[in-house]
Amino acid sequence: MTAPRVPLQLIAPSRRLEAALRLAAGPSAGSVSATLSYLCQQLSALCASPVASVYVLEDRDDLVLRGNHGFPDAVLGEVRLKVGQGITGTALETMRPMTVDDAGVVEQFEYFPQLAEERYPAFLALPLLAGPRPRGVLVLQREKGPFSEADVLLATAASRAITAVLEAQHPQGANLLLHGAGNGRGRVLGAARVLSRALPRRQRTGDLSSEDPHSDLMNAFTAEREEIRALAERARSVLHDRVRELEEAATVAEDRRLQERAVEHLSAGLPPSLALERIAAEFARTLASHGPAARRAVDVEAFLGGVAHRHAGLEPVRVRRGELIVAVHVSGLSALRAWASGAVGALCAGVAEDATGAPVLTALGVPSAFGVRQLFDSVGNGTRLALDSDSGEIYVNPTAAQAASWRR
């Protein structure tokens, strides 16, 4: 049943207080979905949002709608996103709240006809975290934005009750055993570093900008291309045989069509950050029908992400020596950068056949596992991991005895 459209100014403070008390009291016993929907109902009143939804991180990289107030009950369990997909998936992947005044004009927006979300285009997507571990996303929707900083703080405080429900299923710090397809490169211990595929939206400002935006972006392309050339040459110097996926990833950086297309978008009036997002989407659609070649779209996205960070004057997330990279799909370029930075292992939710970085990591001797189910349900930045790439076993938060056996 759809929630009535109540103007924000008509929601009395007493009603918010009642909702806060009910939220603190918690629901009566019931299923997880019933519990989450109850909490959504209270959050809807507390945060003055007609729609409140909880997407739970499940399986490999699925965000599943498990709790809601404002949409029909039939959508529970039916609406699903991938990590990095849509506004909701992007919030989880970047581990940052996202506020959008009009979702219909945002590139990341994913439209679900059964939700008819055009009625509530203002979004606040808040990642639900248990320590460093992502557990899901709380989404609040209104007819009009913006969501203020005070709204974000209120939602963050109120969301702890939801996180507690999710954490009760898999407590933080629990010792878990995951399985994947290993690449046979031995055992390794380390901390997780989750890779984000999101392109930054921040624009260059102040002394970072020149009088020629075209020149700024072209310089970013040139600098990124030169770094990739150097990394590829370094990898070739330690490899005995040619690795096709490495060469293909390096070729992406030399594809002048990407730069030419960026100039076209800039000339049409698009800001650089949105132009780079648009190019990544265009190449993904173009390559989608080309079978195995479709995997190259992830390398295109990785290259454009590097360009976007340089243009925005932002330092991209660097993998530190001793860390294991964790991703949905590992691109060849991400694998190359991780190896060069001293990454000791890699875990991927997607299967090896979908990851151009899989052969690169294997050739460079980096222990890796692919097709790891429930990876993002159990692992976040800083999570301790023990990977046996021969058996494909991954211990999350290994015990002292397990860690000692890995060091033998």
Participant: Do E282 and H265 pass the side chain to side chain donor-acceptor pair (under 3.5 Å) test, and can you show the C-alpha distance, the side-chain angles, and the key distance before you say yes or no?
Facilitator: CA-CA 12 Å; E282 290 169 352; H265 282 311; 3.1 Å; yes
Participant: Answer yes or no: is there a side-chain heavy-atom contact under 4.5 Å between C348 and V372?
Facilitator: no
Participant: Is there a donor-acceptor contact under 3.5 Å linking the side chains of T222 and N219?
Facilitator: no
Participant: Does a sphere of radius 6.0 Å around CZ in R320 hold more than 12 heavy atoms from other residues, nucleotides or ligands, not counting ones at 6.0 Å or beyond?
Facilitator: no
Participant: Heavy atoms only: give me the nearest L258-F221 pair and the separation to one decimal.
Facilitator: O-CZ, 4.0 Å
Participant: So that I can tick it off, tell me whether R257 and E260 are bridged by a salt bridge, with the cut-off set at under 4.0 angstrom between side-chain N and carboxylate O.
Facilitator: no
Participant: Is any side-chain heavy atom of L63 closer than 4.5 Å to a side-chain heavy atom of V56?
Facilitator: no
Participant: Are R244 and E247 close enough for a salt bridge, meaning some N to O gap below 4.0 Å?
Facilitator: no
Participant: Can you give me the closest heavy-atom contact between V51 and S44, atom names plus distance?
Facilitator: N-OG, 4.5 Å
Participant: Please name the pair of heavy atoms, one in V366 and one in N183, separated by the smallest distance, quoted to 0.1 Å.
Facilitator: O-ND2, 2.9 Å
Participant: What closest approach, in Å, do V188 and G345 show between heavy atoms, and which atom pair accounts for it?
Facilitator: CG1-CA, 4.5 Å
Participant: Minimum heavy-atom separation for L140 to S49, with atom names?
Facilitator: CB-OG, 3.7 Å
Participant: Salt bridge or not for D255 and R225, using N-O below 4.0 Å?
Facilitator: no
Participant: When you check the gap from the basic side-chain N to the acidic O, do D62 and K82 get nearer than 4.0 Å?
Facilitator: yes
Participant: Report yes or no: do N68 and S37 form a side-chain donor-acceptor pair below 3.5 Å?
Facilitator: no
Participant: Do E226 and R229 meet the salt-bridge criterion of a basic N to acidic O distance under 4.0 Å?
Facilitator: no
Participant: Taking it one step at a time, do L57 and R135 satisfy side-chain contact (heavy atoms from CB on, under 4.5 Å)?
Facilitator: CA-CA 5 Å; L57 190 60; R135 300 310 312 271; 5.8 Å; no
Participant: Any Lys/Arg nitrogen of E227 or R310 sitting under 4.0 Å from an Asp/Glu carboxylate oxygen of the other?
Facilitator: yes
Participant: Looking at every non-hydrogen atom in both residues, tell me the closest pair between R185 and P367 and how far apart they are.
Facilitator: O-CG, 3.3 Å
